[in-house]
There are 2 protein chains.
Amino acid sequence: MPERVSYRATRAGIVQIATRLSVSPSTVSRALRPETAHLVRADRRKEILDLAERLHFSPNPGARMLRKGVNASLTVVVPFDENIFFSEFYGRFLSGTLHAAAARGWDVHICTLRRQPGSDLREALQHLSLDTSGLIYLAEPLSPADVQHLSGYRRPLVLTKSVLPPGVPVKEIGVPVVGVDNLSGAQTAASLLLQLGHVRIGLLLGPSGSRDAQERKKGYLDVLDRVGARPRPEWIIEGSFSAETGRAGAAALLATADRPTALCCASDEIAFGAINAARAAGLRCPEDVSVMGFDDGPWAAACWPALTTVRQPLADVAERAVSFVVEAANHPGSSITSPSSDLSAALVIRDSTRALGSPR
Amino acid sequence: MPERVSYRATRAGIVQIATRLSVSPSTVSRALRPETAHLVRADRRKEILDLAERLHFSPNPGARMLRKGVNASLTVVVPFDENIFFSEFYGRFLSGTLHAAAARGWDVHICTLRRQPGSDLREALQHLSLDTSGLIYLAEPLSPADVQHLSGYRRPLVLTKSVLPPGVPVKEIGVPVVGVDNLSGAQTAASLLLQLGHVRIGLLLGPSGSRDAQERKKGYLDVLDRVGARPRPEWIIEGSFSAETGRAGAAALLATADRPTALCCASDEIAFGAINAARAAGLRCPEDVSVMGFDDGPWAAACWPALTTVRQPLADVAERAVSFVVEAANHPGSSITSPSSDLSAALVIRDSTRALGSPR
DNA sequence: AGAGTAAATGACAACGTTTGCAGTGCAATC
DNA sequence: GATTGCACTGCAAACGTTGTCATTTACTCT
């Protein structure tokens, strides 16, 4: 049977406390905040704190915000998508943001942004709750004009590189951009495969509209071209950053007689799908085919075989984004050094890759 | 080279707009909000909206909050843990919360709660940002006294059943509790295995301190006991809700000659670990051993073999929690029917289970 | 043209907290 | 004993927006 609960309409405020103790609201205000607490006589302060505790007093945030002009909070804008945490990217980034913010005593808002199919992004932005001191944006891709518009809100704004369309130079955006050095990460990944003796390498890439995907593709091909190992066109497959892309792509590539001996995947999810497809085709990983991922999410070490992959330092990226927003908000008007260089992505070698032709 | 950016210290307010157009602030306020926009003459309204747009005006949230008394936002309290999104539970719940909140125009804050090893929960709660109209709590386990304290803040509060210690009756908490019917979900799961002919069943469970784990354990054993198929004690293994628990547990159980023919796991992650361990031991799933999960996260369908599992309707649970908070906040003082019954968890049959002794 | 009505606008008082300033007392100093 | 200094407290004015109420303006109808 449903029970019923109700909540007092009015909560205790600073004046209620003041009148009940017959002191002025000023005194209560001073006693309640650590910075000014020394101004109040000790016994009186104790009295006030006790009553506040008993009444579960918490200061009206609106009033405080109005008076002080700032609020220690930032908004993270994520895409409106049922399964955003399926991809580990958002979860890991968000987790990093939470930590970085908590360390500074900041509050984190999350806001979903849905771009209606035919409509303007501007319209979608209307619904953004802008009651925070800064924005970290990792939702829908943004054109330079969109960025222009967003930065017009005059709040500290940080973008993740992933939201910029491929080809737009980061420097010219005029807004801090945080991101990972996909290019050298991908180069390292491809280099390892070459070093292990693989030359017949298939590429399972992300969507062509994604900057991350493009940068990684370029990194892979840079290295492979240099040694004349560019994959034949039908071995270069693009799709979403999902296990399904890996499954379908690997299934197609591994069905032929002269199949690739290694698969270089643009995300861990794709790699997982590829490993499963290989297994379904009766091939073992890494004995029959090596698989390389990209991201190093929590599953990479927990799956089987443990995935060789490129570590995206997303927590560090988030830390950098939060740090900028907090700095900028704390020093309004003054100019802040914006983070501009990418964080490097290191190779993590585990069990899903093996030297070509090496014994079991 | 690092570039530098800066932000205007003061943002345009409603009075700036008013004076520049030589109208009163009241008119601007009315023109700016859809509900009252019809009160101002069309041409003037357009003038105002245009200028506001040009100035990137957005109303001071503090002032608005102070004036209106409410703010359409709620806080989700999650544990302070580097890898919270590794477990799919939080990601899926949060995603559901975001949707439910967005549908109502509400804003979502996220707050991490870290209980210092020896210290009181009260202390940790001090750092909670309470500037929202409601709380959805899914962090550290709460004793009834803790709940008492939390509800003293006189804000709408919803708990997930998982945070209550096993044995505490939901009814007596006096606070709305949302959750999943673990008991019947687990019963259905065990029934399926029996129905497939399995009687030698191993149980890979969650931590004994977790209510979810205890309820699921009870559900499994209820059914197995009824037909005299209670697993021998060494086949009942408890651990964290992680792949490692599944890996280690399955490795131990499957190493013996008279191994179980089916493994019933208390979470998808455990099941994934178990499948990998089976594979490492040279056993195939589902041919040699059936594996049952619990949760039906996004990976359940994407992994290989696709996992038979119990679907936790976390999005619905979140929807229910948000719905309660919003209702309670919108009708302060009045009593709201609190959700009390669990949402049912349905079996999803995929490829990781098979009838005992069935042909390949 | 004047009365009567409806539409549009302005003046003003909240909302709860913080803070500069102007007091009070009270002890210490010359 | 008058004066200075110090510790503490109260007064009152912000902060930016919204809603009530009163007032002005525009319009319709005899």
*Asks:* Can you name the side chain to side chain donor-acceptor pair (under 3.5 Å) partners of B:T112, sequence neighbours left out?
*Replies:* none

*Asks:* Establish, from distance only, whether the side-chain atoms of B:S26 and B:S29 form a donor-acceptor pair under 3.5 Å.
*Replies:*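 No pair is found: no donor N or O on one side chain lies under 3.5 Å from an acceptor on the other.
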
*Asks:* Could you check A:T27 against B:R64 and say which one's nearest nucleotide on DNA chain D is further toward the 5' end?
*Replies:* A:T27

*Asks:* Please determine, for the side chain of B:R41, which listed nucleotide (C:dG10, D:dT17, C:dA8) has the closest atom?
*Replies:* C:dA8

*Asks:* Measure distances between side-chain N and O atoms of A:S26 and base N and O atoms of C:dT19, and say whether any donor-acceptor pair falls under 3.5 Å.
*Replies:*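 A donor-acceptor contact between them is present.
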
*Asks:* Under 4.0 Å between a side-chain N or O of B:R33 and OP1 or OP2 of D:dG19?
*Replies:*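 For D:dG19, OP1/OP2 do have a side-chain N/O of B:R33 under 4.0 Å.
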
*Asks:* So, are A:E47 and A:R41 salt-bridged, with charged N and O less than 4.0 Å apart?
*Replies:* no

*Asks:* Does the D:dG19 base have a donor-acceptor partner in the side chain of B:R30 within less than 3.5 Å?
*Replies:* no

*Asks:* Side chain of B:P59, heavy atoms from C-beta onward: which of D:dT17, D:dG10, C:dT17 has the nearest atom to it?
*Replies:*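 It is D:dT17.
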
*Asks:* Given atom CG of B:L39 and atom P of D:dT25, what is their separation to the nearest angstrom?
*Replies:*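 From B:L39 CG to D:dT25 P: 19 Å.
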
*Asks:* For B:N60 and A:S24, find the nucleotide of DNA chain D closest to each by heavy atoms; which residue's nucleotide sits nearer the 5' end?
*Replies:*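 It is A:S24 whose nearest nucleotide is closer to the 5' end.
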
*Asks:* Could you pull out all residues at least two apart from A:D50 that satisfy side chain to side chain donor-acceptor pair (under 3.5 Å)?
*Replies:*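 Result, side chain to side chain donor-acceptor pair (under 3.5 Å) vs A:D50: A:K46.
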
*Asks:* Reading DNA chain C from 5' onward, which residue's closest nucleotide shows up sooner: B:D43 or B:A63?
*Replies:*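 With B:D43 and B:A63 compared, the 5'-side residue is B:D43.
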
